[in-house]
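As structure tokens, the structure follows; a few thoughts come after it.
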Amino acid sequence: MSKTLSGSGDDSTLPAIGLGTYRLRGRRGADAVVSAVRTGYRLIDSAFSYENEGSVSDGVARAIAEGLASRAELIVTSKVPGRHFGYEQTLAAVEESAARMRSIGAIDLYLIHWPNPEQNKYVDTWRALIEARERALVRHIGVSNFLPEHIDRIEAATGVLPAVNQIESHPRFPNTEQIAYDAERGITTEAWSPIGRGSDLLADPLIGEVAAAHGVTAAQAVLAWHMARGVVPIPKSSSAGRQAENLAAAAIILDPAEVETISSLGRPDGRLAGQDPAVYEEM
Ligand SMILES: NC(=O)c1ccc[n+]([C@@H]2O[C@H](COP(=O)([O-])OP(=O)(O)OC[C@H]3O[C@@H](n4cnc5c(N)ncnc54)[C@H](OP(=O)(O)O)[C@@H]3O)[C@@H](O)[C@H]2O)c1
């Protein structure tokens, strides 16, 4: 399953699953990206704040040079952090990202990392991303951690909806209402920390039961749960074996009762680090 990116004027699609890269930096980060593309990943996450735009794009460029994928098949993402919000500041930040990622040409997908409502600059930041897309610095634009009120506001101000909203979602915090809101507007939802970022989530007995019924691992069952909900998970792994394990989850189909079983682990306070975008600010 793949997802067409809305509002783009071209026919780009997102694959069913992508690679997270938080904490993958330097030579090791680039090697992990090459390994991921070799395994079959075509969507690679990154961010200005992860300090890995250079190693991610170098890994992608190496993978292309090795014939592991064509440039056109790959979607490389980055994000602008709060410390660079504001119209001129964001355009300069996108230019910095583009310079660090010059080995791959235009950035495929560029997101606003957090809305930072108290800072109250995300509308001008969105205007800058629209301009960056017009200048062909980036091909698609979107947001991350945006609530309905934030998306409504940028749409009212500019008439332009994001192609993607990348949000926290995992069985302990399914974020179902935000996913429904995005879907109604043709916005693709990506899930960050999709397998719970090394917490004890994967040891949960209910997830274990669903996994056992399919003869798959807990991580694969959780990733299949995301895909059954129409969400693109972006699990991070530095290991070639776990990258392959995670990508193979795209072939697993859960039935509605299994999806419900995993969703039943959700709790209103289930966010991994309490980062509620209504109040959390990240620079
Ligand atoms: N937009 C945002 O605000 C935001 C916030 C957080 C994250 N993100 C993005 O989302 C990506 C994913 O989130 P995340 O890194 O926080 O968490 P995650 O992908 O849920 O979990 C990553 C952790 O799980 C381990 N792992 C990977 N595959 C596994 C498997 N099959 N079985 C067991 N353990 C496995 C990884 O270890 P190994 O590497 O050793 O395999 C790593 O410790 C990030 O890397 C980043 O790109 C975005």
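Order of appearance sets the numbers: ligands from 1, and atoms from 1 within every ligand.
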Practice task
Would you verify whether the NZ or CZ of Arg267 falls within 45 degrees of the ring axis of Phe173 while also being under 6.0 Å from that six-membered ring's centre?
Solution key: no
Problem - Phe48 six-ring face occupied by Arg100 cation (under 6.0 Å, within 45°) - result: yes
Fill in the blank from the handout: Sorted by chain and residue number, the residues with a non-hydrogen atom under 4.0 Å of ligand 1 are Gly20, Thr21, Tyr22, Asp45, Tyr50, Lys79, His113, Trp114, Ser144, Asn145, Gln166, Trp192, Ser193, Pro194, Ile195, Gly196, Arg197, Gly198, Leu202, Ala219, Ile234, Pro235, Lys236, Ser237, Ser238, Arg242, Glu245, Asn246
Exercise for the section: Kindly say whether Met283 contributes a backbone atom to a donor-acceptor pair with the side chain of Arg83 at under 3.5 angstrom? Expected result: yes
Handout entry: Donor-acceptor contact below 3.5 Å, side chain Glu66 vs main chain Ala63
Key = no
Problem - Stepwise ring pair (Phe, Tyr, Trp, His ring centres under 6.0 Å) test for His140 and Tyr110 - result: CA-CA 6 Å; His140 303 281; Tyr110 206 87; over 10 Å; no
Practice task
For this output row, return yes or no: ring centroids of His113 and Tyr50 closer than 6.0 angstrom.
Solution key: yes
